[in-house]
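Since the model is a prediction, treat every value here as computed from it, not as a measurement. Each chain gets a letter, A, B and so on, in the order its sequence line appears, and its residues count up from 1.
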Amino acid sequence: MSSKPSIPKGTRDFSPIEMARRNYIFDTIKKVYKRYGFQQIETPAMENLNTLIGTGGDESDQLIFKILNSGDYLSKADEKALADKNSNGLTRSIAEKALRYDLTVPFARYVVQNQNDITFPFRRYQIQPVWRADRPQKGRYREFYQCDADIIGSNSLLNEVDLIKIIDDVFTELFRGKLDYTVSINNRKILQGIIESVGEQDKFEQIVVAIDKYDKIGSDGVIKELYNLGFDEKSGEKLLQLLGVKEASDSFKKLSFEETFKIITLQLEFFEKSIADTINGQKGIEELEFVFEKLKSLGIRTANIKFDPTLARGLGYYTGTIIEVKVDNFPSICGGGRYDDLTGKFGLKDVSGVGISFGADRIYDVLLDNNLYPEFK
RNA sequence: GUGGUUGUAGCUCAGCUGGUUAGAGCGCUGGUUUGUGGUGCCGGAAGUCGCGGGUUCGAAUCCCGUCUUCCACCCCA
């Protein structure tokens with residue numbers, strides 16, 4: 001009896017030619033990371049389930065691949081949970097390890113465990129696969145590589161600037177000016193300010209999720225979701241009006257360097273008038289002003305820079321700047337942001353970090369789709 | 001995870017409500033035309049119809065299961 005061999009859903013084999021292309025991507029990212037003074041680390045594929053859960057919200061907990069305990073795991077299973085068909089409770093008693101879901105949480109764990117040997121701020125990069133029990137789609141896999149760069153142990157916004165410069169450098173090299181891409185930037189504190197100014201801060205998470213869909217479902221869709229959350233018409237309108245600032249940059253397809261920053265300045269001035277009375281809003285505006293000002297003086301090579309007040313990003317741990325990179329017809333190929341307290345969960349307080357992550361597999365697809373690979377020998 | 005969708009020659013696909021030896025284009029190959037391994041013409045090879053069950057006299061076609069693909073939701077690299 002022989003059966004046809006196969007591999008699990010959402011995983012792939014890589015042939016020699018595919019490996020050549022993948023390594024080309026890894027190598028150029030690595031080269032840029034090193035140039036900016038990042039050092040490489042690696043962490044194990046599996047972590048203790050405890051260190052992984054509860055950092056990215058309930059939804060991402062569900063996407064974690066758990067590893068069954070070895071031996072007679074059933075004999076130690078939580079019988080009550082089993083009888084009650086309580087999967088969550090049962091899981092905790094039969095799986096104590098899991099495959100990593102991203103590289104940031106394991107990194108936070110690493111930092112806490114090695115804090116005595118690390119000199120802060122610490123710039124590390126890490127290129128390894130992660131696993132997610134998502135349902136696969138185009139550009140969405142169950143095993144894929146992330147290429148992370150994080151700076152931890154520094155509040156300086158210059159780190160944000162560096163990361164955006166890295167994005168600019170990497171895609172300038174990979175796309176060679178032949179493909180448009182947009183780096184959207186926002187700050188969670190601005191979102192907080194917006195929400196505070198309409199007096200609905202208790203629903204922060206849900207509102208953020210609704211706002212994040214702006215590009216997809218439009219302002220009508222967002223307002224519908226807000227009403228479902230129990231918004232009255234007035235605050236809904238006001239919130240949309242604030243988000244409307246986004247249109248200022250969307251209405252232009254391609255902007256020159258000067259125009260880009262002119263519009264961003266106007267957008268930020270608008271927010272100064274409307275949400276600067278909230279502490280978070282004020283702070284968020286200041287932070288973004290600094291970042292954009294520095295970017296303007298340092299210059300941009302090929303990136304289209306955009307301030308997008310509707311950019312939210314789901315990952316629960318972001319607290320400040322958030323960044324996302326898109327090209328047409330693909331899901332985001334790079335994302336990141338600042339997190340003020342990722343290490344707190346592991347007992348190390350008051351350590352702030354920022355990071356970005358390139359999605360190598362999506363970049364692979366983008367390059368292939370657009371015929372952007374150089375000749376390989 | 002929820003709801004859909006896809007899987008037929010090397011590639012892109014057709015095959016209506018089940019019925020005789022499963023088709024087309026491209027590619028491959030043999031012959032021929034021609035100054036040419038290019039063009040035109042004639043011929044040929046090649047398919048467990050994703051996999052496993054079931055219904056039926058009979059299934060690529062209907063039913064169930066399963067895997068896979070892609071899409072929407074969700075989420076994100």
Side-chain angles (χ1 to χ4, degrees), chain A residues 1-13 15 22 25-26 29 33 52 55-66 85 87-88 91 99-107 125-150 163 166-167 170-171 174 181-184 186 205-206 208-218 221-222 224-225 228 310-318 322-327 329-337 339 355-369:
Chain A
M1 270 286 280
S2 72
S3 60
K4 259 190 186 166
S6 65
I7 54 175
K9 187 205 291 267
T11 66
R12 295 145 307 148
D13 288 324
S15 63
R22 287 171 69 81
I25 295 170
F26 292 137
I29 292 174
Y33 280 169
L52 258 32
T55 42
D58 280 350
E59 269 110 17
S60 44
D61 285 357
Q62 283 183 339
L63 296 179
I64 294 173
F65 276 110
K66 286 92 181 173
K85 303 211 187 234
S87 304
N88 275 341
T91 300
L99 294 173
R100 66 166 105 79
Y101 168 92
D102 67 7
L103 298 178
T104 312
V105 172
F107 173 54
Y125 78 89
Q126 187 171 354
I127 299 177
Q128 286 190 276
V130 304
W131 294 267
R132 257 120 102 153
D134 232 335
R135 184 162 296 193
Q137 275 177 38
K138 192 185 186 64
R140 190 159 118 179
Y141 306 99
R142 287 185 155 180
E143 177 184 61
F144 60 95
Y145 271 72
Q146 290 195 326
C147 311
D148 274 37
D150 287 76
L163 291 175
I166 285 176
I167 291 172
V170 165
F171 289 125
L174 288 178
Y181 64 103
T182 303
V183 182
S184 299
N186 193 15
E205 285 290 331
Q206 295 144 288
V208 161
V209 170
I211 291 174
D212 198 31
K213 294 184 195 162
Y214 191 96
D215 274 339
K216 210 182 240 172
I217 62 181
V222 172
K224 210 188 234 167
E225 297 232 350
N228 289 342
T310 70
L311 176 66
R313 298 187 57 77
L315 249 44
Y317 48 69
Y318 291 128
I322 41 186
I323 304 166
E324 186 169 280
V325 183
K326 291 257 313 168
V327 303
N329 304 320
F330 277 92
S332 69
I333 52 177
C334 177
Y339 40 88
I356 50 167
S357 178
F358 289 90
D361 303 77
R362 285 180 178 176
I363 293 171
Y364 180 99
D365 293 343
V366 168
L367 292 181
L368 197 63
D369 242 45

### Task
For A:Phe171 and A:Phe358, run ring pair (Phe, Tyr, Trp, His ring centres under 6.0 Å): C-alpha distance rounded to whole Å, both residues' side-chain angles, the deciding distance at 0.1 Å, then the answer.
CA-CA 10 Å; A:Phe171 289 125; A:Phe358 289 90; 5.4 Å; yes
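- In this entry the distance linking CD of A:Gln206 with P of B:C75 reads 12 Å, nearest Å.
- The partner of B:U12 is B:A24, judged by Watson-Crick or G-U wobble contacts that both fall below 3.5 Å.
- Taking CD1 of A:Ile166 as the start and SG of A:Cys334 as the end, the distance is 9.5 Å to the nearest 0.5 Å.
- Between the C1' atoms of B:G10 and B:G54, the separation comes to 34 Å (whole Å).
- Atom CD1 of A:Ile7 and atom C1' of B:U68 are 10 Å apart (whole Å).
- The same atom, P, is picked in B:G18 and in B:U56; the two are 16 Å apart, to the nearest Å.
- Of all non-hydrogen atoms in A:Arg362 and A:Ser332, the two that sit nearest each other are NH1-O, 2.8 Å.
- Using a 4.0 Å heavy-atom criterion, one finds that A:Lys326 contacts no nucleic acid atom at all.
- Nucleotide B:G43: paired with B:U29 (Watson-Crick or G-U wobble, both distances less than 3.5 Å).
- Annotation for A:Ile322 and A:Leu311: closest pair CD1-O, 3.4 Å, computed over non-hydrogen atoms.
- RNA chain B is contacted by both A:Ile217 and A:Val325; A:Ile217 maps to the nucleotide lying nearer its 5′ end (nearest heavy atom per residue).
- The interatomic distance linking A:Arg12 (CZ) with B:C67 (P) rounds to 20 Å, in whole Å.
- Nucleotides B:U17 and B:C62 place their P atoms 7 Å apart, quoted to the nearest Å.
- Spacing of P atoms, B:C26 relative to B:U39, comes out at 12 Å, to the nearest Å.
- Between A:Lys216 and the phosphate of B:C73, there is a side-chain N or O to OP1/OP2 separation shorter than 4.0 Å.
- With hydrogens and angles left out, the side-chain atoms of A:Asp369 and A:Tyr364 include no donor and acceptor closer than 3.5 Å.
- B:G52 and B:A9 are spaced 16 Å apart, taking the P atom of each and rounding to whole Å.
- Enclosure of atom CG in A:Asn228 by more than 12 non-hydrogen atoms of other residues, nucleotides or ligands within 6.0 angstrom is indicated.
- Nucleic acid contact class of A:Cys147 (heavy atoms, under 4.0 Å, all strands): none.
- Ring pair A:Tyr145/A:Phe26 is tilted by interplanar angle, where 30° to 60° counts as tilted.
- Annotation: B:U68 and B:C74 have their P atoms spaced 24 Å apart (nearest Å).
- Nucleic acid contact for A:Val209: sugar-phosphate only, since backbone atoms but no base atoms lie under 4.0 Å from a heavy atom of the residue.
- Applying the 5.5 angstrom centroid cut-off and the 30 degree plane-angle cut-off, the aromatic ring of A:Phe144 is stacked upon the base of B:A77.
- If you take CZ of A:Phe358 and P of B:A77, they are 13 Å apart, rounded to a whole angstrom.
- The separation between A:Gln62 atom CD and B:C73 atom P is 18 Å, rounded to whole Å.
- B:A22 and B:A14 have their C1' atoms separated by 11 Å, given to the nearest Å.
- Judged as a side-chain hydrogen bond (donor to acceptor under 3.5 Å, both in side chains), and not counting sequence neighbours, the contacts of A:Tyr141 are A:Asp365.
- Distance A:Asp134 CG to B:C75 P: 11 Å, rounded to the nearest Å.
- Atom C1' of nucleotide B:C75 and atom CD1 of A:Ile333 are separated by 18 Å, given to the nearest angstrom.
- For the C1' atom pair drawn from B:G65 and B:C28, the interatomic distance equals 38 Å after rounding to whole Å.
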Detail all sub-3.5 Å separations between protein N/O atoms and N/O atoms belonging to nucleotides 69-71 of chain B.
from, atom 1, to, atom 2, distance (Å)
B:C71, OP2, A:Lys138, N, 2.5

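- Side-chain nitrogen and oxygen atoms of A:Lys213 include none within less than 4.0 Å of the OP1 or OP2 phosphate oxygen of B:C73.
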